[in-house]
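This report concerns only the one structure given below.
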Amino acid sequence: MVADPSVSRRDALRAAAIGGTALLLGVNLRSASIAAISGGASATFAPDAFIRITSDGRATLIMPQTEMGQGIYTALSMLIAEELDLPLDEVTLEEAPANDKLYGNPIFKVQATGGSTSVRGYWLPLRTVGASARAMLVSAAARRWRVDPSTCRTEAGEVIHDASGRRSSYGPLAAAAMRETPPSAPQLKRLEDFRLIGRSHRRLDTRPKTDGSLRYGIDAMPEGVRFASLACAPVLGGRVERVDDSQARALPGVRQIIVLNDIVAVVADTSWGAMRALAAIDIKWRDGEFGSLSTETLREALIEAGRADGNVAVDTGASSKLSGEGVISEFYDLPLLAHAPMEPMNCTVHVTAERCEVWVGTQVMTMTQRAAAEEAGLPPEKVVVHNHLIGGGFGRRLEVDGVRKAVRIARHVDGPVKVVWSREEDIARAPYRSLYGSWMRARLEDGRPVAWGHKVAGPTVVGRWLPPAFDGKVDNDAVDGAAETPYDLPASYVTWVRHEPKGIATAFWRGVGPNMNVFATESFVDRVAHEAGRSPLDLRRSMIGKHLRARAVLDMAAEKAGWNDPLPHRQGRGISLQFAFGTYLCTIAEVAVDEDGAVKVLRMTTAVDCGTPVNPDGIVSQIQGGIIFGLSAALHGRITISNGRTEQSNFHDYRVLRMNETPRIEVHVIRNAEPPGGIGEPGTVSVQAAVANAIYAATGVHLTRMPIDQSLLAKGARA
Amino acid sequence: MFEISINGNRRQAQVDGDTPLLWVLRDVLGLTGTKFGCGIAQCGACTVHVDGSPVRSCRLPVSAVGARSITTIEGIGASPIGAKVQKAWLDLEVIQCGYCQSGQIMSAVALLEGNSNPDDEAIDAAMSGNICRCGTYVRIREGIKRAANGG
């Protein structure tokens with residue numbers, strides 16, 4: 001069950017957590033402070049920042065990562081419960097409070113959920129937490145029973161001493177276990193002893209999502225809350241020039257009209273009242289330097305930037321071999337995209353002179369806290385962030401632009417205010433997935449590439465978002481999926497050109513860097529196959545060399561998709577093979593293209609090896625959903641700009657996949673004992689090349705841009 | 001002042017008659033299970049039943065409700081088909097972020113109320129107005145079939 005996020009509980013938790021043991025950092029922080037707190041809570045076993053077991057047996061697990069649909073609450077709980085032998089059916093889950101030291105993502109070192117890092121990062125730390133707590137409970141029981149701890153075992157929330165037949169559930173041991181010393185290197189289970197990991201477990205967050213009882217950020221209702229709607233400058237860097245709000249003021253339920261530099265907001269008794277009044281305000285904007293920006297100028301600037309050599313990510317002696325006779329080349333590029341999560345951006349804020357309280361669903365707790373503190377003019381410790389389960393993240397809620405705006409508005413409001421973005425505002429004034437370009441080159445000898453070149457141009461989102469993770473030379477995310485491919489290439493030359501598009505704010509978007517790189521690499525492999533007169537499957541097999549896990553997913557996908565089965569005229573299959581986020585994945589798309597060029601995706605078959613599966617059904621779910629997210633981008637996704645303004649506004653002109661367009665999707669999970677790889681993003685990444693290659697096979701037209709341009713595919717049209 | 005019947009209860013709301021039912025439910029009555037997604041009846045997140053038929057509450061002025069009875073996600077479990085759909089959703093792990101699922105469940109229940117054994121075409125017709133960004137369509141389809149076959 002997901003905990004009711006009540007303030008008092010949260011504060012208690014925070015107090016306990018701060019005094020807890022930070023096993024993650026390998027530092028024992030159990031200090032006087034926890035002893036002081038535990039005066040009132042001495043019957044609680046709280047060995048670290050993640051586990052609380054009270055004497056009545058209630059178990060609470062603290063979730064350091066944000067649940068946004070990816071199933072992370074379930075997977076992380078399974079890691080702890082596996083080693084602790086804790087039954088998961090009755091646990092309570094709570095969101096961790098803002099605290100990078102205790103809850104920083106082991107990969108990012110800050111409290112952030114993204115990049116398909118959660119299970120990868122917490123695989124050992126949370127199992128260690130569980131094993132350590134288990135050892136302390138066992139020690140406490142053994143001491144009480146005067147037996148050797150090594151003669152005790154644990155099962156389903158109990159310590160058991162078989163020889164004497166004694167057993168105790170964890171609750172009655174809670175207080176005594178708290179006095180035990182945590183083991184310095186607790187023994188982790190062997191893979192073959194797992195009881196939870198590797199078996200599909202029901203999700204722990206979904207029941208309150210079936211009856212409307214789960215409260216997302218947008219459902220926060222602090223006492224006395226009012227509702228705000230906002231209009232932001234339609235052009236980045238634009239300002240309010242003048243406002244005529246005479247009509248809006250006369251409307252019922254309107255409380256306040258707030259005009260800031262670049263924002264106009266209405267506060268009213270209902271969200272509807274605020275939206276209606278906002279629409280009645282005549283706002284004249286001053287556009288600033290980007291008032292003539294367009295998609296075309298943005299793309300030209302990208303291509304111009306691509307003339308530079310770029311910074312070298314990989315050079316294994318290919319650069320001199322990538323020009324002249326025998327070299328083929330191609331340019332691939334991707335458009336701007338909005339995230340458009342189903343829960344529109346929103347943030348509820350209450351600012352007073354001493355304190356700021358924020359209710360929001362965010363992928364970045366501490367960044368949210370700091371952003372709110374800056375805007376409220378308060379120190380971060382005066383900002384309380386109530387995180388909520390998220391109604392869709394996809395990278396959008398790794399950004400805190402919305403939190404900043406909401407706090408700026410809330411500073412002018414007496415009492416709590418819930419700021420809700422209209423869908424139009426959500427789509428048209430958002431940070432976007434950047435446009436990217438990839439320049440591919442290959443020298444072919446005997447029908448296979450002997451030299452491989454990939455130059456990718458795009459912004460560094462990491463460099464802005466997490467500066468310490470960017471060395472100033474090569475952004476590892478921007479070259480992910482390019483620098484390391486599933487192939488044994490005799491010689492490679494991979495470079496990155498940093499290009500920050502002007503007039504656009506850029507953000508991570510599900511699939512991040514590999515979206516561009518895998519699209520370009522895998523499309524170009526098919527182009528090479530075409531040039532060499534080889535089948536895309538055979539060419540890939542010949543290029544894989546030592547990458548046996550890549551071969552396994554390729555072969556399984558080919559077999560399950562019926563690669564060799566004949567297809568009707570203007571139908572085709574296309575492969576995309578990738579290694580990214582620590583996961584090997586191959587998707588084969590099957591499409592039909594009609595005489596007018598309309599594309600119907602019939603079937604998607606994926607084989608995935610993400611190492612040791614934690615919650616196998618969760619993996620299947622993430623791939624199914626990831627593929628649908630990718631299909632939205634491949635078939636429909638495009639944000640275009642004219643006169644500095646976004647031309648799309650809502651789901652009628654920023655289309656996403658619907659039920660009637662959804663193909664058959666089959667997912668095959670290959671199990672092994674490798675450490676887990678990421679799973680939220682790989683499915684999305686595989687779609688564009690798989691579909692483009694299937695279209696190539698069906699029509700002979702090699703698409704180099706997304707989304708799919710149907711006009712290039714009509715019978716008789718030439719690319 | 002409007003008096004409307006929601007999940008079998010009479011509720012009163014002191015709002016402008018133009019106010020869409022969605023915002024009366026959410027902001028005035030505190031029934032936040034019905035979700036705002038687009039405001040223009042394009043996404044289905046705000047689907048409720050009006051006398052058993054699925055309606056996008058973001059475009060239904062409260063003044064137009066009249067004496068008809070409203071069922072929301074908070075009340076749908078009281079009907080046998082509603083309970084079956086909720087159970088199928090859990091059994092098949094349909095849900096990811098869950099934000100659209102109030103609307104998905106309301107549309108699915110309305111479909112099954114009128115068609116006890118819908119084929120793929122009927123499912124497409126009834127469900128294509130409900131967007132899911134997490135991409136749970138494959139399992140929604142399975143969930144409807146599971147609920148139709150007795151849960």
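The figures that follow rest on heavy atoms only: side chains count, while hydrogens, waters and symmetry mates do not. Just so we're clear, the structure is a prediction, and the values are computed from it rather than from any experiment. Throughout, a chain's letter reflects where its sequence line sits, starting with A, and its residues are numbered from 1.
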Among [options], which has the most heavy-atom pairs under 4.5 Å with chain B?
options: A:R664, A:M342, A:R423; result: A:M342
options: A:H339, A:E343, A:M68; result: A:E343
options: A:S621, A:G71, A:G273, A:S632; result: A:S621
options: A:A340, A:P341, A:S422; result: A:A340

Proximal component of [X], with respect to chain B [non-hydrogen, under 4.5 Å]:
X: A:S200; answer: neither
X: A:F227; answer: side chain
X: A:L251; answer: neither
X: A:S271; answer: both
X: A:Q70; answer: neither
X: A:V225; answer: neither

Looking at [Y] and [X], is there a salt bridge between them, counting it only when a charged N and a carboxylate O are closer than 4.0 Å?
X: B:D91; Y: A:R202; answer: no
X: B:D27; Y: A:R226; answer: no
X: B:D124; Y: A:R658; answer: no

Donor-acceptor under 3.5 Å ([X] side chain, [Y] main chain):
X: B:Q86; Y: A:T210; answer: yes
X: B:S128; Y: A:N660; answer: yes
X: B:Y99; Y: A:Y216; answer: no
X: B:R133; Y: A:F629; answer: no
X: A:R276; Y: B:D18; answer: no

How long is the gap from [atom1] on [X] to [atom2] on [Y], to the nearest 0.5 Å?
X: B:D16; Y: A:D269; atom1: CG; atom2: CG; value: 11.0 Å
X: A:L389; Y: B:C97; atom1: CG; atom2: SG; value: 9.5 Å
X: B:I73; Y: A:L214; atom1: CD1; atom2: CG; value: 12.0 Å

If every non-hydrogen atom of [X] is compared with every non-hydrogen atom of [Y], which pair is closest and at what distance?
X: A:N650; Y: B:C38; result: ND2-O, 3.0 Å
X: A:M221; Y: B:T32; result: CE-CG2, 3.9 Å
X: B:P20; Y: A:W272; result: CD-CD2, 3.2 Å
X: B:Y137; Y: A:T662; result: CD1-OG1, 3.2 Å
X: B:S102; Y: A:G212; result: OG-CA, 4.4 Å

Close side-chain approach of [X] and [Y], heavy atoms under 4.5 Å:
X: A:K209; Y: B:Q96; answer: no
X: A:R203; Y: B:I95; answer: no
X: B:R139; Y: A:Q624; answer: yes
X: B:F36; Y: A:P344; answer: yes
X: B:I131; Y: A:M659; answer: no

Full working for side-chain contact (heavy atoms from CB on, under 4.5 Å) between A:D219 and B:K35: CA-CA 9 Å; A:D219 303 323; B:K35 300 304 187 203; 2.4 Å; yes

Any idea which of B:Q101, B:E121, B:Q104, B:R141 has the most non-hydrogen atom pairs under 4.5 angstrom with chain A?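 Winner by heavy-atom pair count: B:R141.
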
Looking at B:V85, B:I105, B:T19, which has the largest count of heavy-atom pairs under 4.5 Å with chain A?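 Of the options given, most contacts go to B:T19.
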
Can you name the residues of residues 39-61 of chain B that have some heavy atom under 4.5 Å away from a heavy atom in chain A?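 Interface residues of residues 39-61 of chain B: B:I40, B:Q42, B:C43.
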
